Amino acid sequence: MTDSDARIRVDKWLWHARFFKSRSLAAEVASTGRLRINSERCSKPAQAVRPGDVLTFPQGGRVRVVRIEEIGTRRGPAPEAQALYTDLDPPAATAPAGSDAEQAAPDPPQEGRDPGAGRPTKRERREIDRLRQFDP
């Protein structure tokens with residue numbers, strides 16, 4: 001079998017390339033249909049991939065687009081894992097910290113209480129429940 005014929009399971013490759021901490025997390029993304037291989041939805045973690053395939057999947061609140069360059073034989077250190085793929089994300093999606101892209105889209109406000117405020121009172125709890133009823 002030549003290098004061009006080499007194939008590997010998509011969940012195993014995602015784990016080797018260090019996109020997910022465990023193989024079961026990679027398998028979950030593949031089995032739920034959130035992963036696309038060459039623009040086609042993947043429904044099973046055992047789907048075979050080879051060099052040249054383009055993967056599109058969500059990771060950490062953004063969509064990653066990568067092209068497989070090599071199969072890899074193990075889950076090695078980060079520099080070795082980064083050699084397995086080419087990142088095809090648009091430059092705006094991978095803007096460095098402190099750039100205009102990050103300032104244009106701030107994070108939504110988070111629910112919460114001030115540290116040390118203790119448990120909510122009965123009245124505060126009712127207000128929280130009323131607010132949550134209106135959330136979609």
Side-chain angles (χ1 to χ4, degrees):
M1 187 153 78
T2 63
D3 289 338
S4 63
D5 295 336
R7 292 181 172 258
I8 189 171
R9 290 172 56 116
V10 69
D11 63 334
K12 194 170 184 179
W13 187 87
L14 287 168
W15 179 66
H16 280 184
R18 294 185 162 267
F19 285 108
F20 297 98
K21 284 185 175 183
S22 68
R23 193 165 157 194
S24 61
L25 289 173
E28 181 181 339
V29 169
S31 63
T32 56
R34 293 183 285 170
L35 171 74
R36 292 182 180 268
I37 301 172
N38 297 327
S39 300
E40 293 184 19
R41 191 174 295 236
C42 174
S43 61
K44 57 184 181 176
Q47 179 79 35
V49 293
R50 64 177 185 236
D53 286 346
V54 176
L55 304 180
T56 307
F57 57 94
Q59 182 191 34
R62 66 182 193 153
V63 176
R64 300 292 306 259
V65 181
V66 297
R67 181 181 20 200
I68 299 174
E69 298 297 333
E70 296 179 32
I71 294 295
T73 57
R74 66 183 186 124
R75 181 179 165 93
E80 186 178 312
Q82 290 169 350
L84 298 178
Y85 63 91
T86 301
D87 198 357
L88 301 176
D89 284 340
T94 58
S99 68
D100 293 334
E102 196 172 290
Q103 292 172 359
D107 291 335
Q110 300 290 321
E111 286 185 29
R113 296 178 52 82
D114 294 329
R119 294 176 57 179
T121 63
K122 191 171 188 175
R123 180 180 181 185
E124 291 170 337
R125 184 67 193 172
R126 287 180 184 145
E127 290 173 1
I128 291 170
D129 289 342
R130 269 189 245 124
L131 285 173
R132 287 188 179 163
Q133 285 178 351
F134 293 112
D135 286 344

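These figures come from a predicted structure and were not determined experimentally.
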Distance-minimising heavy-atom pair for D89 and R64: OD2-NE, 3.3 Å

Would you compute the distance between atom CD1 of I68 and atom CG of L14 and round it to the nearest 0.5 angstrom? 7.5 Å

Which residues pass the side chain to side chain contact (heavy atoms under 4.5 Å, CB included) test with R67, sequence neighbours left out? V54, E69, T86, L88

I need the minimum non-hydrogen distance between D53 and A48, along with the two atoms involved. OD2-O, 4.5 Å

For W13 and L84, which heavy atoms make the closest approach, and how far apart are they? CZ2-O, 3.5 Å

What's the spacing between L35 CG and Q59 CD if we round to 0.5 Å? 11.5 Å

Within the supplied structure, the quantity of interest is the number of heavy atoms (other residues, nucleotides, ligands) at a distance under 6.0 Å from R41 CZ; does it exceed 12? no

Minimum-distance pair of heavy atoms, taken over all atoms of R36 and S39: NH1-O, 3.6 Å

Min side-chain heavy-atom separation V49-L55 under 4.5 Å: yes

Note: C42 and V10 closest approach over all heavy atoms is SG-CG1, 4.3 Å

When rounded to the nearest 0.5 angstrom, what is the spacing between CD in Q47 and CD in E40? 8.5 Å

Are the charged groups of R74 and E80 less than 4.0 angstrom apart, N to O? yes

Measure across H16 and I71 and return the closest heavy-atom pair with its distance rounded to 0.1 Å. ND1-O, 4.3 Å

Identify all side-chain donor-acceptor contacts of residues 17-32 below 3.5 Å with residues at least two apart in sequence or on another chain.
| unit_1 | atom_1 | unit_2 | atom_2 | d |
| --- | --- | --- | --- | --- |
| R18 | NE | G76 | O | 2.7 |
| R18 | NH2 | G76 | O | 3.1 |
| S22 | OG | S24 | OG | 3.1 |
| S22 | OG | L25 | N | 3.3 |
| R23 | NE | D11 | OD2 | 3.3 |
| S31 | OG | A27 | O | 3.0 |
| S31 | OG | E28 | O | 3.3 |
| T32 | OG1 | E28 | O | 2.9 |
| T32 | OG1 | V29 | O | 3.2 |
| T32 | OG1 | R34 | NE | 3.0 |

